[in-house]
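Here is the structure we will look at.
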Amino acid sequence: MKKRGFAWIEAYAKQNLPLPKRNTAHSAGYDLATITEVSLKPNEVTLVPTGLKAYMQSNEYLGIHIRSSLAVKKHLCLVNSQGIVDSDYYNNPDNEGHIFVALFNFGAETIVLSAHTRIAQGIFYSFLLTDDDDATDKRQGGFGSTGQ
């Protein structure tokens, strides 16, 4: 049984694209890239599609972290500092689990990222629960759907 990893959403599954990988033996993050060309206007938030979904154990999440080169050289940042992809985001009843990276352009010029530009790193994490945790709700929906 598979424990954790990445898969393409249905629209890209048959295109034989490489899945995210770590570039060195001691890298923590898996490189995530744009699936299409994207323009990021100054002082605006853009949801950048990756074409990916991630599967993992129920006590894990995927942390999304911007690549430092984009922050320094392109004046981009993650809107929420770190993205969190929960395990039940993958193939839930109302959403295939497409991972988008919410980027903010704090520069003065529009930034164009070509398709397959590495924009973020995904790191798998485990988390713990409190003794009195009683969460039983099931996810319904996509991006930003928890707690609606």
Side-chain angles (χ1 to χ4, degrees), residues 1-40 44-106 111 113-148:
M1 182 174 177
K2 294 181 176 184
K3 290 185 177 182
R4 73 191 56 79
F6 297 96
W8 293 106
I9 62 168
E10 192 171 316
Y12 301 103
K14 295 180 182 172
Q15 293 187 18
N16 249 359
L17 297 166
L19 290 169
K21 65 178 187 168
R22 297 177 315 124
N23 283 319
T24 69
H26 297 286
S27 296
Y30 291 82
D31 287 333
L32 306 181
T34 61
I35 192 66
T36 60
E37 182 177 285
V38 179
S39 293
L40 300 108
E44 288 190 14
V45 174
T46 304
L47 293 178
V48 179
T50 66
L52 294 165
K53 55 186 176 178
Y55 60 91
M56 65 209 80
Q57 303 299 300
S58 62
N59 66 332
E60 297 176 340
Y61 71 94
L62 178 68
I64 306 293
H65 308 272
I66 193 164
R67 291 179 50 84
S68 57
S69 60
L70 282 183
V72 174
K73 295 176 184 176
K74 302 283 187 185
H75 307 290
L76 301 175
C77 66
L78 282 177
V79 172
N80 51 350
S81 297
Q82 175 182 307
I84 295 177
V85 179
D86 297 310
S87 64
D88 61 353
Y89 189 60
Y90 180 82
N91 285 350
N92 73 73
D94 295 324
N95 177 44
E96 191 176 354
H98 191 173
I99 297 170
F100 288 82
V101 178
L103 294 178
F104 180 77
N105 178 355
F106 60 90
I111 301 296
L113 301 175
S114 59
H116 312 294
T117 298
R118 295 179 299 159
I119 56 172
Q121 295 182 26
I123 301 174
F124 290 95
Y125 295 94
S126 295
F127 63 89
L128 303 172
L129 303 177
T130 62
D131 292 336
D132 59 350
D133 186 282
D134 63 354
T136 58
D137 287 347
K138 302 282 185 195
R139 178 180 298 275
Q140 299 291 317
F143 194 86
S145 62
T146 304
Q148 288 187 2

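When reading the values below, keep in mind they use all heavy atoms of this one structure, side chains included, and skip hydrogens, waters and symmetry mates.
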Distance in Å, Tyr89 OH paired with Met56 CE, rounded so as to fall on 0.5 Å steps: 11.0 Å
Minimum side-chain heavy-atom gap Val38-Thr117 below 4.5 Å: no
Check: Asn105 and Thr46 side chains under 4.5 Å, non-hydrogen atoms: no
Any Pro49 side-chain heavy atom under 4.5 Å of His98 side chain: yes
Student check: side-chain heavy atoms of Leu52 and Pro20 closer than 4.5 Å: yes
For Leu129, all residues meeting side-chain contact (heavy atoms from CB on, under 4.5 Å), sequence neighbours excluded: Phe127, Asp133
Heavy-atom check, side chain of Leu113 versus side chain of Leu40, under 4.5 Å: yes
For Gly29 against Gln121, the heavy-atom pair lying closest together: CA-OE1, 3.6 Å
Intermediate values then yes/no, side chain to side chain contact (heavy atoms under 4.5 Å, CB included), Leu62 and Phe6: CA-CA 10 Å; Leu62 178 68; Phe6 297 96; 3.8 Å; yes
side-chain hydrogen bond (donor to acceptor under 3.5 Å, both in side chains): pairs with one or both residues in residues 3-14, sequence neighbours excluded: Arg4-Glu60
Test side chain to side chain contact (heavy atoms under 4.5 Å, CB included) applied to Asn23 and Lys21, step by step: CA-CA 6 Å; Asn23 283 319; Lys21 65 178 187 168; 3.6 Å; yes
Residues in salt bridge (charged side-chain N to carboxylate O under 4.0 Å, His left out) contact with Arg118, at least two apart in sequence or another chain: Asp31
Residues that Tyr55 engages under side-chain contact (heavy atoms from CB on, under 4.5 Å), provided they are two or more places apart: Lys2, Tyr90
Pairing residues for Glu37 by the side-chain contact (heavy atoms from CB on, under 4.5 Å) criterion, not counting sequence neighbours: Val112
Pair Ile66-Leu103, side chain to side chain contact (heavy atoms under 4.5 Å, CB included): steps then yes or no: CA-CA 9 Å; Ile66 193 164; Leu103 294 178; 3.8 Å; yes
Close side-chain approach of His75 and Ile111, heavy atoms under 4.5 Å: no
Donor-acceptor pair, side chain of Arg22 and main chain of Ser27, under 3.5 angstrom: yes
Residue among Val45, Ile119, Val101, Leu70 satisfying side-chain contact (heavy atoms from CB on, under 4.5 Å) with Leu78: Val101
Any Ser87 side-chain heavy atom under 4.5 Å of Tyr61 side chain: no
Glu44: side-chain contact (heavy atoms from CB on, under 4.5 Å) partners, not counting sequence neighbours: Lys41
Separation between CG of Leu76 and NZ of Lys74, rounded to the nearest 0.5 Å: 8.0 Å
Neighbour count above 12 (heavy atom, 6.0 Å) for Lys53 NZ: yes
Heavy-atom check, side chain of Val48 versus side chain of Phe100, under 4.5 Å: no
Whether Asp86 side chain and Asp88 backbone form a donor-acceptor pair below 3.5 Å: no
